[in-house]
Amino acid sequence: MRATTSSASGAQQPAAPGDEAAPGSFERILGPERGAAYRRFLEWSAGGGFVLAVVEIRRPAQREALAAATGAAVPKLCVARLVSVGARSVRTLLEEVCTSSADTSVLMLTHLEEAHDAARICAELNVHRDELARRFALPWVLVVHPAAALALQRDAPDFCDFAGLWLPEEPGEGAEPLLEQTLRSSAATSGSTVRLNPDVTMAPRDLLSLAHEAVVLGHVDQAADLLAEYDMKHPDARTGDARRALIDGLLLRIRGRLAEALARFHAALDLCEASGDLPMIAALLEEIAHVRMIQGDLNAASHLARRALDLFEQLGDQRNRAASTYQLSTIELRLGNHAEALQLAQESLRLSEQLGDQVGRSRTLHHLSVIEKRMGNYAKARELVRESLMISDKLGDWNGRFASLLQLATLSIQQSDYAEARERLRESLKLGEEMGNAVYCSVVLHELGSVAWLEGHHAEARELWRESLKLSEELGAKEVQAGSLVMLGQLAAEQGQFDHGLPLVRAGVEILEELGASNLPEAKEILRRLEALSSADSPR
C-alpha cells in the first residue's frame with residue numbers, strides 16, 4: 001500500500017514514488033549521522049505525547065524527500081505548510097491539517113522560510129507554545145531552511161527550548177553566499193587619496209585643487225560647480241590641461257562611465273609624458289589603477305599602482321607616497337596577499353600620522369579594519385572602523401563615511417545582526433545615491449541582497465541582486481557582476497531550478513576566471529556543489 005501524507009488543507013495525497021520506507025532512506029536524505037538520529041527520534045517518540053524535532057534543510061527537493069520518507073515510515077503523517085497560514089492563526093492551520101491528534105502519528109511543519117509573515121508565525125509559536133503542545137500532544141517535526149532556523153532562534157527562543165532533537169545543517173552541506181564579495185570589490189574602498197597639492201600643511205587654493213579636494217571627500221556637486229567656474233575662466237583648458245582632464249576623469253568614474261574615464265586619464269597621461277610632468281604622471285597612473293581595480297583587472301591595477309608609488313618615492317612626495325601605498329595595499333588584499341597588504345597598510349598609516357594627514361589616516365584605519373576582519377579579529381576590526389568613521393565625520397569626508405558604514409554592515413552580517421546590517425546598508429545606499437556614485441550603489445544593493453537571503457526573504461534577495469547585476473553590467477564592474485550572477489544562480493538552484501541556476505553560476509565563475517580573482521576557488525566550490533546536487537536530484 002502506498003504511503004500518504006496530508007497537505008495543508010488536510011486532503012490525502014500520495015507520497016512521491018520510490019523506496020521512501022526502505023532501510024537507509026533517512027540516511028540518504030540527511031546523511032548518515034543526521035539520518036540515524038532522525039530515525040531514532042521517530043522510533044522513541046511515537047505515542048509519547050508532545051516532543052519537538054527541528055531539522056535544518058536547505059533544498060526543497062530534500063525537504064519533500066524527507067516528508068515522503070517520514071510518511072512512509074509512520075502510520076499517519078500530517079504536514080502543515082506554514083506558507084499557507086495567511087491571516088489565520090497557526091493553531092487554526094494545524095487544526096485544519098490535524099483534525100484528530102489521536103489518529104495522527106507525527107505532525108510536520110514546513111515552508112516557514114517562504115512565509116511572508118514568518119516573524120509573526122515565530123512569535124505565535126513562542127507565545128502559545130504550551131497551549132499548542134497540549135492541543136497537539138504528539139511528535140512534531142519542524143523542517144526549516146538554515147536561515148529560517150536563525151530567525152526561529154531569535155524570534156521564538158522559548159519554543160526552541162522545547163526541541164528534544166535539533167539537527168543543524170551539516171558543515172559544507174550548503175553553499176554559503178559570497179559575503180566577502182563586497183569587501184573584495186573596489187567600491188568597498190573609498191578611492192585614491194592622491195592629491196594635486198601634496199603639501200599637507202597648505203590648504204588648496206586654486207580652483208582645480210579645490211575641485212580635486214571636493215572629489216576626494218565625495219562632494220561631487222561642489223566639485224562640478226568649481227570645475228564649471230574654472231572653465232569660465234579658462235575656456236581652452238579641457239583639451240590641453242592635464243590637471244583639468246584628470247578631474248574630468250574622476251567625475252566620469254564616480255558616475256560609472258568607466259571607459260570614458262579611462263580615455264580622459266590616458267589623454268592626460270599622453271600630455272604629461274610629452275612634457276615630462278612626473279608628479280602628474282604618477283597621479284594619473286594611480287587613478288588608472290583605481291579604475292582597473294573597479295573593473296576587476298587586479299594584476300594590471302597592481303602594476304600601475306607600483307609604477308605610481310615608485311615615482312612618488314623618487315619625487316620625495318611623502319603624502320602621495322602614503323596614499324599610493326594605501327591603494328596598493330587594497331589591491332594586494334583583493335589578490336589574496338594578506339601579509340603584504342598588512343605591511344603596506346601599516347606603512348601608509350605610519351606616514352599619514354607622521355604627516356598629520358587625517359584623510360589618509362582615516363582611509364588606512366578603515367582598510368586595516370577590513371584586513372583584521374579577514375583574519376577573524378572582529379572586535380579589533382570594529383574598533384578600527386569606528387575610529388575611521390569618527391575622523392571622516394569630523395572632516396566631512398563622505399567617501400570615508402561610505403566605506404566605514406559598509407564595513408560596519410559586513411561586520412554585523414558576520415555576527416548575524418541582520419537588523420543592524422540593514423540599517424547601515426540603507427544609510428550607505430542613501431549616501432551613495434546622494435553622491436551620484438553608481439559603483440557604490442551596485443555594491444550596496446548586492447550586499448542588501450545577501451542580508452535578505454540570510455534572513456530567508458528569497459524574493460527580496462532576488463530583486464536586489466538583479467538590480468545590482470543590471471548596474472554592474474552597465475558599469476563594467478565585473479567582480480560585482482560575477483558575485484550577483486553566482487548568488488542569483490545559487491538561489492535558483494536552492495529552489496530546485498537547477499536548469500536556470502547553474503548557467504548563472506557558471507557565467508559568474510567564468511568572469512572570475514577571466515579576472516584571476518582571489519575568490520575564484522569559493523565560486524568554483526559553489527558550482528561544484530550545485531552540480532553535484534543537480535546530479536543527485538535528476539530523475540533516474
Side-chain angles (χ1 to χ4, degrees), residues 178-193 216-218 290 293 322-323 325-334 338-339 341-353 357-432 434-435 437 439-441 443-448 450-451 454 480:
L178 295 176
L179 295 179
E180 293 300 309
Q181 183 72 36
T182 296
L183 290 181
R184 296 182 188 189
S185 75
S186 55
T189 69
S190 40
S192 170
T193 58
V216 168
L217 297 179
H290 188 67
M293 184 168 63
T325 302
Y326 151 75
Q327 173 142 291
L328 183 57
S329 178
T330 66
I331 296 168
E332 291 301 321
L333 182 63
R334 291 181 60 201
H338 291 190
L342 179 60
Q343 182 180 354
L344 289 164
Q346 289 171 338
E347 174 65 7
S348 177
L349 182 63
R350 183 189 68 79
L351 287 169
S352 295
E353 290 178 339
D357 180 1
Q358 289 301 300
V359 173
R361 180 168 179 265
S362 172
R363 303 289 172 88
T364 309
L365 287 170
H366 161 263
H367 180 54
L368 282 166
S369 171
V370 174
I371 294 173
E372 292 291 345
K373 179 186 177 294
R374 293 280 185 90
M375 297 168 64
N377 302 326
Y378 302 119
K380 181 64 174 175
R382 192 172 289 275
E383 175 188 336
L384 288 165
V385 76
R386 281 178 173 162
E387 186 177 358
S388 174
L389 180 59
M390 183 175 64
I391 297 170
S392 295
D393 285 347
K394 183 178 179 180
L395 296 172
D397 179 2
W398 289 5
N399 276 321
R401 177 172 177 77
F402 174 88
S404 293
L405 288 172
L406 189 57
Q407 171 69 348
L408 285 169
T410 59
L411 286 166
S412 295
I413 292 170
Q414 190 71 41
Q415 296 166 334
S416 301
D417 188 349
Y418 303 131
E420 172 70 13
R422 276 181 179 272
E423 183 178 345
R424 296 291 188 180
L425 288 169
R426 285 170 178 156
E427 190 176 353
S428 61
L429 181 60
K430 181 180 178 182
L431 185 57
E434 288 176 357
M435 295 164 66
N437 195 313
V439 180
Y440 282 4
C441 292
V443 171
V444 178
L445 289 167
H446 177 89
E447 198 67 5
L448 278 167
S450 294
V451 172
L454 287 167
V480 182

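Remember, it's a predicted structure, so these values are computed and weren't measured experimentally.
Residues forming a side chain to side chain contact (heavy atoms under 4.5 Å, CB included) with Ala381 (at least two apart in sequence, or on another chain): Ser369, Glu372, Lys373, Gln407, Leu411. With sequence neighbours excluded, no residue satisfies side-chain hydrogen bond (donor to acceptor under 3.5 Å, both in side chains) with Thr325. Remark: Arg382 engages no residue in a salt bridge (Lys or Arg N to Asp or Glu O under 4.0 Å) (not counting sequence neighbours). Applying the side chain to side chain contact (heavy atoms under 4.5 Å, CB included) criterion to Glu434, with sequence neighbours excluded, gives Lys430, Leu431. Every residue was checked against the side-chain hydrogen bond (donor to acceptor under 3.5 Å, both in side chains) condition with Ser352, not counting sequence neighbours, and none meets it. With sequence neighbours excluded, the residues satisfying side-chain hydrogen bond (donor to acceptor under 3.5 Å, both in side chains) with Arg350 are Glu347. Taking the side chain to side chain contact (heavy atoms under 4.5 Å, CB included) definition, one finds that Leu349 meets it with Glu353, Arg361, Thr364, Leu365, Leu368, sequence neighbours left out. Shown here are the side chain to side chain contact (heavy atoms under 4.5 Å, CB included) partners of Glu427, two or more places apart in sequence or in another chain: Arg401, Leu405, Arg424.
The side chain to side chain contact (heavy atoms under 4.5 Å, CB included) with Val443 is formed by just one residue from the set Leu425, Leu406, Asn437; it is Leu406.
Note that the CD1 atom of Ile413 and the CZ atom of Arg422 stand 10.0 Å from one another [nearest 0.5 Å]. With rounding to the nearest 0.5 Å, the separation of OG in Ser348 from CD in Gln343 is 12.5 Å. Once rounded to the nearest 0.5 Å, the distance linking CG of Asn399 with OG of Ser404 reads 11.0 Å. Atoms CD and OG, on Glu423 and Ser428 in that order, are 11.0 Å from each other to the nearest 0.5 Å. Here the NE2 atom belonging to His290 is positioned 9.0 Å from the CD1 atom belonging to Ile331, to the nearest 0.5 angstrom. Rounding to the nearest 0.5 Å places CG of Leu351 at 10.0 Å from CG of Asp357.
Here the shortest heavy-atom pairing between Ile391 and Ser362 reads CG2-CB, 3.7 Å. The shortest heavy-atom contact between Ser329 and Ala341 is OG-O, 2.6 Å.
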Trace of the side chain to side chain contact (heavy atoms under 4.5 Å, CB included) decision for Phe402 with Val444: CA-CA 10 Å; Phe402 174 88; Val444 178; 3.6 Å; yes
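Sequence neighbours left out, not one pair with a member in residues 372-392 passes ring-ring contact (aromatic ring centres under 6.0 Å, His included).
Side chain of His367 to main chain of Tyr326: no donor-acceptor pair is present (N/O by atom type, distance under 3.5 Å, no hydrogens or angles). A donor-acceptor pair under 3.5 Å is formed between the side chain of Ser412 and the backbone N or O of Leu408.
Counting heavy atoms from C-beta on, the side chains of His338 and Leu333 come closer than 4.5 Å.
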